[in-house]
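Per chain, numbering begins at 1; letters A, B, ... match sequence-line order.
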Number of protein chains: 2
Amino acid sequence: MATIDPRTRRKQVLRQKILEVSREILLAQGLAGLTMRRVAEAVDYSPAAIYLHFQSREQIAQELCFAGLRQLYERLESVTAEDPASRLSAYARAYLEYAQSDPETYRLIFMADPQLTKAVFAHRDAGGGQAALNLIVTAFTDLHSSLKRTGGKPIEFAELFWASLHGLASLRIACSRALTGDEFRLAQLVTEKITGTEEKSHAKAQRR
Amino acid sequence: MATIDPRTRRKQVLRQKILEVSREILLAQGLAGLTMRRVAEAVDYSPAAIYLHFQSREQIAQELCFAGLRQLYERLESVTAEDPASRLSAYARAYLEYAQSDPETYRLIFMADPQLTKAVFAHRDAGGGQAALNLIVTAFTDLHSSLKRTGGKPIEFAELFWASLHGLASLRIACSRALTGDEFRLAQLVTEKITGTEEKSHAKAQRR
DNA sequence: GTCTATAGGCTGATAGAC
DNA sequence: GTCTATCAGCCTATAGAC
């Protein structure tokens with residue numbers, strides 16, 4: 001498995017470098033600014049050389065999405081709170097922090113191009129998308145069993161939670177003026193509402 | 001005010017027709033497919049003629065956004081329920097129905113291009129964006145006074161409500177597979193959670 | 001007002017020399 | 001592997017004839 005062949009290695013390094021500069025270009029200029037020519041110029045090769053490592057511009061975009069979803073998953077996975085409600089509260093914060101940290105990748109994954117989004121979600125295993133949602137579903141399962149609730153499936157609550165966070169993140173990205181409130185506060189609020197933990201959270205807010 | 005001059009009239013008619021075909025092209029091919037050449041071909045004029053009615057492609061896109069926001073506002077405004085919680089429930093449905101009825105315009109307004117979104121929200125008066133949010137803010141004001149609640153400002157609840165609906169609508173548009181649940185049901189659920197009217201709504205669900 | 005023609009760009013992707 | 005050169009196409013916007 002370990003490829004020590006220097007030639008293969010150099011190729012992998014260049015491939016990685018292409019992805020790195022692509023992410024920088026994406027961040028600075030958006031998807032429309034991500035052109036093969038610009039990528040080539042940034043890694044100091046000719047445009048044709050890029051095609052030795054990636055089949056198309058589309059494939060570069062897809063790999064950026066996968067990398068982004070992995071990062072998002074890592075942020076969620078690093079949450080350690082045991083109490084399910086606290087865990088969901090931390091997920092909310094982590095989710096918005098990710099979107100804020102790399103808004104253009106977030107936009108690429110969810111907003112830029114429906115074809116791309118569909119392709120990315122089609123082979124979910126390649127990214128952390130499904131894994132991330134699973135974390136949230138598990139938290140709601142834990143929450144409901146701890147509260148002995150019966151109404152509503154955890155997957156529904158998880159999707160609702162996710163949609164709310166996505167709404168906050170994407171409105172902020174699309175137009176910072178759209179929301180006058182702080183999205184972290186709004187996320188905390190919606191988490192309380194969906195988990196039904198308003199009373200507890202006031203004490204928690206004091207502790208902070 | 002009434003311009004009966006036939007020349008002016010013909011000009012207005014053509015302008016309107018340009019917007020109509022633009023919306024059709026947008027729906028079929030997305031923003032990238034909306035080019036001056038295609039618009040010109042669809043109205044059977046030369047590309048140059050379009051510039052007599054619109055300064056640029058960007059301006060056409062903006063006017064489509066304004067028209068879309070007006071339509072969204074009309075749908076919300078036609079809601080008549082007096083009880084604030086029921087009104088919000090109906091707003092949720094109307095909002096999702098609008099997004100579903102014209103997904104590419106919805107995408108254009110909120111997802112396609114941050115510059116465009118910012119421009120549209122910058123002169124809000126031109127569209128129904130601010131007016132629509134005001135309806136929701138009013139409903140939350142009514143709700144809170146009827147419930148004699150003190151915690152949280154109505155504008156926060158309104159923005160949260162909006163963001164949740166936008167999250168549902170935009171995830172559905174970006175990737176129909178992303179949400180496994182029915183978004184109307186999820187919207188009903190989040191409305192109940194945010195308004196805190198879960199008990200009532202069960203009775204309501206029966207009545208339907 | 002409407003046309004033709006065109007300036008002046010940009011793009012993704014490939015063929016073929018080295 | 002990497003290059004140069006290029007194909008084949010797209011685009012917005014404008015100048016100037018009619």
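- Counted within 6.0 Å of CD on B/E41, heavy atoms from surrounding residues, nucleotides or ligands total 12 or fewer; the atom is thus considered open.
- Spacing between atom CD1 of B/I50 and atom C1' of C/dT2 amounts to 11 Å, rounded to whole angstrom units.
- Neither side chain, A/Q16 nor A/E20, offers a donor N or O lying under 3.5 Å from an acceptor on the other.
- B/Y51 places its OH atom 13 Å from the C1' atom of C/dA7, with the value rounded to the nearest Å.
- Spacing between atom CG of A/D113 and atom P of C/dG12 amounts to 14 Å, rounded to whole angstrom units.
- Under 3.5 Å, the side chains of A/Y106 and A/Y95 contain a donor-acceptor pair of N or O atoms.
- Counting non-hydrogen atoms under 4.0 angstrom, B/R7 reaches the backbone sugars and phosphates but no base.
- A 6.0 Å sphere centred on CD of B/Q29 holds more than 12 heavy atoms belonging to other residues, nucleotides or ligands.
- A/E41 has its CD atom 13 Å from the P atom of D/dC3, to the nearest Å.
- The separation between A/L34 atom CG and C/dA13 atom P is 11 Å, rounded to whole Å.
- The CE-C1' distance, from B/M36 to C/dG9, rounds to 17 Å in whole Å.
- The distance from atom CG of A/L14 to atom P of D/dG1 is 11 Å, rounded to the nearest whole Å.
- A/T35 comes within contact range of the sugar-phosphate backbone alone, with a heavy-atom separation under 4.0 Å but no base atom that close.
- Taking every side-chain heavy atom of A/R38 into account, C/dT11 is the closest of C/dT11, C/dC3, D/dT2.
- The 5' end of DNA chain C is approached more closely, in terms of each residue's nearest nucleotide, by B/A49 than by the other of B/A49 and A/G33.
- Rounded to an integer number of Å, the gap from CG of A/D44 to P of D/dT4 is 11 Å.
- Counting any heavy atom pair closer than 4.0 Å across all strands shown, A/A48 reaches a base atom.
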